[in-house]
Number of protein chains: 2
Amino acid sequence: MENKNEAMEKITSLAKRRGFIFPGSEIYGGLAGTYDYGPLGVRLKENIERLWLTMFRDDRSDMYGVDATILMNSKLWEASGHVSGFSDPLVECQKCHHRFRADQLEDEKKCPDCGGGFGEVKQFNMMFKTHAGSVEDDSSAVYLRPETAGGIFSNFKNVMDSMHPKIPFGIAQIGKAFRNEIAPRDFIFRLREFSQMEVEYFVKPSEWESAFEEWRLLMHRFAERIGISKNSLHELEVADSDRAHYSNRTIDFEFDYPSGRGELWGLAYRGDFDLSAHQEASGTTLTYLDEETKEKFIPHVIEPSLGVDRTLLAVLLSAYREDSLGDGRVYLAFPPSIAPIKAVVSPLLKNKPELVAKAREVFQALKTVVPQIAWDDNGNIGKRYRRQDEVGTPWCITIDFDTLGETKELLDTVTLRSRDSGEQERLSISDAIQKVYTSINHGA
Amino acid sequence: MENKNEAMEKITSLAKRRGFIFPGSEIYGGLAGTYDYGPLGVRLKENIERLWLTMFRDDRSDMYGVDATILMNSKLWEASGHVSGFSDPLVECQKCHHRFRADQLEDEKKCPDCGGGFGEVKQFNMMFKTHAGSVEDDSSAVYLRPETAGGIFSNFKNVMDSMHPKIPFGIAQIGKAFRNEIAPRDFIFRLREFSQMEVEYFVKPSEWESAFEEWRLLMHRFAERIGISKNSLHELEVADSDRAHYSNRTIDFEFDYPSGRGELWGLAYRGDFDLSAHQEASGTTLTYLDEETKEKFIPHVIEPSLGVDRTLLAVLLSAYREDSLGDGRVYLAFPPSIAPIKAVVSPLLKNKPELVAKAREVFQALKTVVPQIAWDDNGNIGKRYRRQDEVGTPWCITIDFDTLGETKELLDTVTLRSRDSGEQERLSISDAIQKVYTSINHGA
């Protein structure tokens with residue numbers, strides 16, 4: 001993928017053509033900064049999210065889930081600083097009236113579209129604003145949450161009171177967030193509507209460093225499991241001068257996108273900034289009582305924050321391969337555990353009822369143990385392989401006349417073809433099913 | 001549950017106290033019509049949604065998923081009729097200025113709050129409106145989707161072009177929707193922010209009746225699987241005069257809430273109304289080509305539509321039980337497959353390291369096959385049982401000195417206690433694990 005734009009265009013085009021990702025509201029001319037997930041994209045997204053839930057929440061005994069609303073009382077966003085400070089610098093061309101982010105212009109004086117001059121730089125708040133209730137005034141203003149974290153902090157007390165967790169413990173959430181970006185761009189990299197997978201992990205102030213390290217390592221393990229290679233993932237230690245004043249350490253996880261290295265995930269030690277701010281603004285006590293020492297304190301927070309869509313983009317880019325197999329092919333080398341289709345089952349010919357019946361039988365037997373499979377009886381076998389390669393299906397099982405016993409010793413055997421090597425092997429039906437199952441449940 | 005308000009209050013209180021559902025933005029004084037899911041509520045919701053995905057999408061070979069954005073081009077909501085017609089009648093008291101839904105007032109002339117008189121009835125559009133991009137004017141207005149269906153119809157062509165489905169086929173989606181209700185009420189029954197599980201199923205016009213029947217039956221099977229009893233679920237055939245003009249048949253599935261029979265789900269035959277409207281408004285051809293007959297037509301639509309939150313409310317109400325076991329208890333009789341915690345593992349005493357170590361071993365062995373389990377070593381066994389009953393945990397496993405071999409023939413046996421009967425039996429560790437596993441994977 002030498003040409004930068006070409007690589008992104010190939011992924012965007014494949015994603016649309018094969019049912020992963022469609023431009024939002026496309027038949028109505030689209031809506032900037034929105035993309036919809038299609039049938040295969042939904043499965044890929046669900047697989048990534050479920051793996052995250054397993055690794056970041058369910059496999060641990062110290063984690064709790066919440067699912068808070070997108071619309072929240074606006075006092076929360078005043079307390080967090082978003083109402084006053086969550087903004088980008090905006091300039092407008094005085095000639096063509098196009099608007100730009102001032103910090104992303106190559107020439108700060110001249111409009112890139114018409115060469116006109118700019119007016120003053122204004123701060124543009126990136127929160128989407130609406131009104132709840134039947135009166136539209138300041139008192140009814142609510143915002144679409146710009147990050148999911150707010151819904152975690154606002155439920156800290158409720159989780160404490162209902163679940164009685166012992167510190168250190170954390171709260172995990174997956175959900176939508178919205179930012180009215182001046183310039184949404186790069187496919188699903190910078191969206192106006194996106195999903196986040198966030199953890200707020202609450203610790204004693206003295207224990208933040210070990211917790212930070214633990215989550216840092218877990219993020220690397222997650223990257224490996226979803227097929228993001230070590231070589232393309234980089235930790236950027238955010239310098240003192242660039243960090244928020246309350247944070248003693250922040251790491252940006254960066255990924256090698258076709259256009260260059262850019263943000264993927266974040267890991268921040270946020271001290272007691274959030275809970276203190278919400279305690280003060282809400283008048284609700286947000287302390288933790290240590291039963292051993294009888295000490296009350298506001299826990300400190302470690303925040304591993306992952307954007308779902310950006311993660312999915314990195315997964316697609318990491319999986320994209322071209323090689324010379326056959327007449328040349330494109331394939332997506334997804335780890336089997338997150339592939340949207342784990343295996344496809346095909347009768348060699350679709351107009352032979354006995355082949356179709358046997359293939360249906362194999363399909364049903366496999367589906368019982370591996371639910372995410374598909375049926376494909378269209379075109380010749382070579383075309384089916386190309387089609388499955390392109391959507392990242394790790395295994396193709398073909399039922400032929402030997403399966404039916406045409407060659408006696410091959411009765412009840414099938415062809416199992418591997419996506420990555422393109423190689424085929426002859427296995428009994430039960431061995432083929434076992435092999436597919438094992439690759440999904442014990443793969444990287 | 002004789003007193004109607006009392007029953008709803010008991011569920012609301014239990015849901016908050018035990019970590020199922022919290023009032024939204026609570027520490028900031030709340031936000032009307034919003035509720036957040038807590039740790040156990042998230043699991044219950046995920047279990048219901050995953051079962052729906054399995055039954056309505058993944059177990060079928062004719063279903064495709066999408067996940068469209070909440071913010072869509074507003075032309076779509078013009079085409080669907082929501083911009084002009086999705087409104088409730090609103091009246092304002094001329095004395096105290098409180099506002100009400102005109103169709104829900106007992107006395108149409110006098111304010112129930114202060115006795116003042118009302119002004120004229122106005123139509124109040126229930127869509128939340130915001131602006132995308134940096135200019136706030138009519139051209140940038142976008143709405144938060146009032147139903148998820150729009151994101152299915154707008155992707156009909158993309159799904160057709162990428163997946164090449166054969167009719168009949170359907171598209172399924174779970175996602176958030178928003179309605180600016182004048183009077184949100186009854187806990188999570190009528191919310192301003194809620195989730196929907198929707199299917200649009202596309203058929204030949206002549207085949208709508210059999211498809212309608214198929215989905216009707218599936219909705220009943222789903223109700224049974226999530227513990228909504230046949231007795232509390234009622235089909236209401238919507239009369240000709242109450243049906244939308246394009247619908248030849250609509251069924252409201254109603255549930256016996258404490259306050260009386262009310263809406264739960266809907267099943268509608270919508271003809272070609274939606275696709276025709278979107279074809280005309282978008283200028284995009286939305287026909288299906290029948291390869292056999294070479295006929296092109298706009299498919300007709302069957303729409304099974306389920307609200308997630310309302311479903312969860314019906315599940316909680318259906319599961320709620322009080323009986324006289326012990327000193328009297330409350331328990332939630334969730335079907336094991338959707339219970340947020342399938343089993344809890346406890347050492348008899350938490351200050352005996354050998355009991356704790358053995359219990360941890362059992363916990364790990366069980367967690368490998370049944371991920372949704374919990375650890376509880378707090379208080380005496382009787383209290384633990386009550387606590388688990390109240391959150392609907394079907395099984396409690398206790399490790400005692402006999403497990404360690406104090407009574408030789410009981411070595412490596414545990415106590416397995418059933419939520420519903422309160423009975424305990426002594427089983428080998430492996431039999432206990434098998435029994436828990438079987439109840440979850442083959443239960444009703």
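Order of the sequence lines fixes the chain letters, A, B, ..., with proteins taken first and strands second; residue numbering starts at 1 for each chain.
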Less than 4.5 Å to any heavy atom of chain A: does that hold for the side chain of [X], its backbone, both, or neither?
{"X": "R17(B)", "answer": "backbone"}
{"X": "T284(B)", "answer": "side chain"}
{"X": "H164(B)", "answer": "neither"}
{"X": "L90(B)", "answer": "side chain"}
{"X": "K16(B)", "answer": "both"}

For T130(B), which of Y143(A), F128(A), F178(A) qualifies under side-chain contact (heavy atoms from CB on, under 4.5 Å)?
->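 Output: one option passes, namely F128(A).
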Winner by heavy-atom pair count (cut-off under 4.5 Å) against chain B, out of [options]:
{"options": "K157(A), H131(A), M126(A), E181(A)", "result": "H131(A)"}
{"options": "G150(A), G65(A), A172(A)", "result": "G65(A)"}
{"options": "Q173(A), R57(A), M63(A)", "result": "R57(A)"}
{"options": "A79(A), S134(A), S154(A)", "result": "S134(A)"}
{"options": "K367(A), H278(A), Q372(A), E193(A)", "result": "E193(A)"}
{"options": "V159(A), V142(A), I182(A), N155(A)", "result": "N155(A)"}

For the residue pair Y28(B) and A281(A), what are the closest heavy atoms and their distance?
->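 That closest heavy-atom pairing would be OH-CB, 3.7 Å.
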For the residue pair A68(B) and K176(A), what are the closest heavy atoms and their distance?
->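 Heavy atoms of A68(B) and K176(A) come nearest at O-NZ, 3.9 Å.
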Proximal component of [X], with respect to chain B [non-hydrogen, under 4.5 Å]:
{"X": "L191(A)", "result": "neither"}
{"X": "A374(A)", "result": "neither"}
{"X": "S61(A)", "result": "neither"}
{"X": "F124(A)", "result": "side chain"}
{"X": "I171(A)", "result": "neither"}
{"X": "R192(A)", "result": "side chain"}
{"X": "N180(A)", "result": "side chain"}
{"X": "I27(A)", "result": "both"}
{"X": "A132(A)", "result": "both"}
{"X": "M163(A)", "result": "side chain"}
{"X": "H97(A)", "result": "neither"}

For chain A, which of T54(B), N158(B), L71(B), V66(B) has the most heavy-atom pairs under 4.5 Å?
->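 Top count of heavy-atom pairs under 4.5 Å with chain A: N158(B).
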For atom CD of Q123(B), decide whether the heavy atoms of other residues, nucleotides or ligands shown that lie under 6.0 angstrom number more than 12.
->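 For Q123(B), atom CD is crowded (more than 12 foreign heavy atoms under 6.0 Å).
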OG on S140(A) to CG on L31(B), rounded to 0.5 Å =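 Result: 10.5 Å between the selected atoms.
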Kindly compute the distance separating CD1 (I21(A)) from CG (D67(B)), expressed to the nearest 0.5 Å.
->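 That separation rounds to 11.0 Å.
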Pairs where residues 70-80 of chain A contributes a residue and the test side-chain hydrogen bond (donor to acceptor under 3.5 Å, both in side chains) is met, not counting sequence neighbours =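 Output for this query lists S80(A)-H82(A).
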Do L144(B) and L144(A) come close enough that some side-chain heavy atom pair is under 4.5 Å?
->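 Yes. Closest side-chain heavy atoms under 4.5 Å.
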Heavy atoms under 4.5 Å from chain B: which residues of residues 34-46 of chain A carry them?
->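 From residues 34-46 of chain A, the residues near chain B are T34(A), Y35(A), D36(A), Y37(A), G38(A), P39(A), L40(A), V42(A), R43(A), K45(A), E46(A).
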